[in-house]
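As structure tokens, the structure follows; a few thoughts come after it.
For clarity, every value in this text was computed on a predicted model and none was experimentally measured.
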Amino acid sequence: MIIERDTLARDPKLINPLVLAYLGDATYAHYVRCHLITQGIAKPNLLHKTANRYVAAKAQATILHHLLPSLTEEEMAQVKRGRNAKSGSSAKNANIVDYRHATAFEALIGYLYLNGEDKRLQEIIQQAFAIVEGE
């Protein structure tokens, strides 16, 4: 059974930001994997290692810092909600500041996805790829 995104939430602003981050993490990882496959990477181990450059907390925190000046007021509100959310888990491979900023980035991605803002979501993800690949 496929669940359409409009059945997940009527108003994404009311969803727990950690739930948005959970969805944003999966959404972003899906885009990263598709991006790497279209680049011709076909070995699973290399796909995994390369994907980590994009999805690591430090990388996501860096992406967010680059994106901040171009975000709308509503996007900034979602970023702040994600950044300030207190999760029950701790950062495993990142400092707490990077972890919180990565959560904020993922919450933004989840929000855009649930809100049906596909064009903006694609813009943000393309910018994220450019940031990671430019470093």
Straight-line distance of Asn115 CG to Glu75 CD, nearest 0.5 Å: 10.0 Å

Counterpart residues, side-chain hydrogen bond (donor to acceptor under 3.5 Å, both in side chains), relative to Arg53 (two or more places apart): none

Lys58: partners by side-chain contact (heavy atoms from CB on, under 4.5 Å), with sequence neighbours left out: Asp98

Residues which pass side-chain contact (heavy atoms from CB on, under 4.5 Å) with His65, listed by chain and number, not counting sequence neighbours: Leu68, His101

Exam field: side chain Asn95 to backbone Val97, donor-acceptor pair closer than 3.5 Å: yes

Under 3.5 Å: donor-acceptor pair, side chain of Glu123, backbone of Arg120: no

Smallest separation among heavy atoms of Ile131 and Ile63, with atom names: CD1-O, 3.9 Å

Sequence-distant partners of Arg83, side-chain hydrogen bond (donor to acceptor under 3.5 Å, both in side chains), two or more places apart: none

Verdict with supporting geometry, Asn16 and Leu20, side-chain contact (heavy atoms from CB on, under 4.5 Å): CA-CA 7 Å; Asn16 180 325; Leu20 290 176; over 6 Å; no

Heavy-atom donor-acceptor pair, Thr50 side chain to Leu47 backbone, under 3.5 Å: no

Side chain to side chain, Leu23 and Ile109, heavy atoms closer than 4.5 Å: no

Which atom of Val55 lies closest to which atom of Gln60, heavy atoms considered: O-NE2, 3.4 Å

Pairing residues for Gln122 by the side-chain hydrogen bond (donor to acceptor under 3.5 Å, both in side chains) criterion, not counting sequence neighbours: Tyr31

Only distances under 3.5 Å count here; give the side-chain donor-acceptor pairs of residues 32-39 to other protein atoms, sequence neighbours excluded, each with its distance to 0.1 Å.
| unit_1 | atom_1 | unit_2 | atom_2 | d |
| --- | --- | --- | --- | --- |
| His35 | NE2 | Gln39 | NE2 | 3.3 |
| His35 | NE2 | Glu133 | OE2 | 2.6 |
| Thr38 | OG1 | Cys34 | O | 3.3 |
| Thr38 | OG1 | His35 | O | 2.7 |

Any donor-acceptor pair under 3.5 Å from Arg81 side chain to Lys13 backbone: yes

Any residue meeting ring-ring contact (aromatic ring centres under 6.0 Å, His included) with Phe105, in chain and number order, not counting sequence neighbours: Tyr28

side-chain hydrogen bond (donor to acceptor under 3.5 Å, both in side chains) between Gln78 and Glu74, worked out: CA-CA 6 Å; Gln78 298 309 314; Glu74 182 55 41; 2.8 Å; yes

Over 12 foreign heavy atoms within 6.0 Å of OH, Tyr22: no

All side-chain contact (heavy atoms from CB on, under 4.5 Å) counterparts of Asp25, not counting sequence neighbours: Glu106

Closest approach of Gly82 to Ala107 (non-hydrogen atoms, all atoms of both residues): CA-CB, 3.9 Å

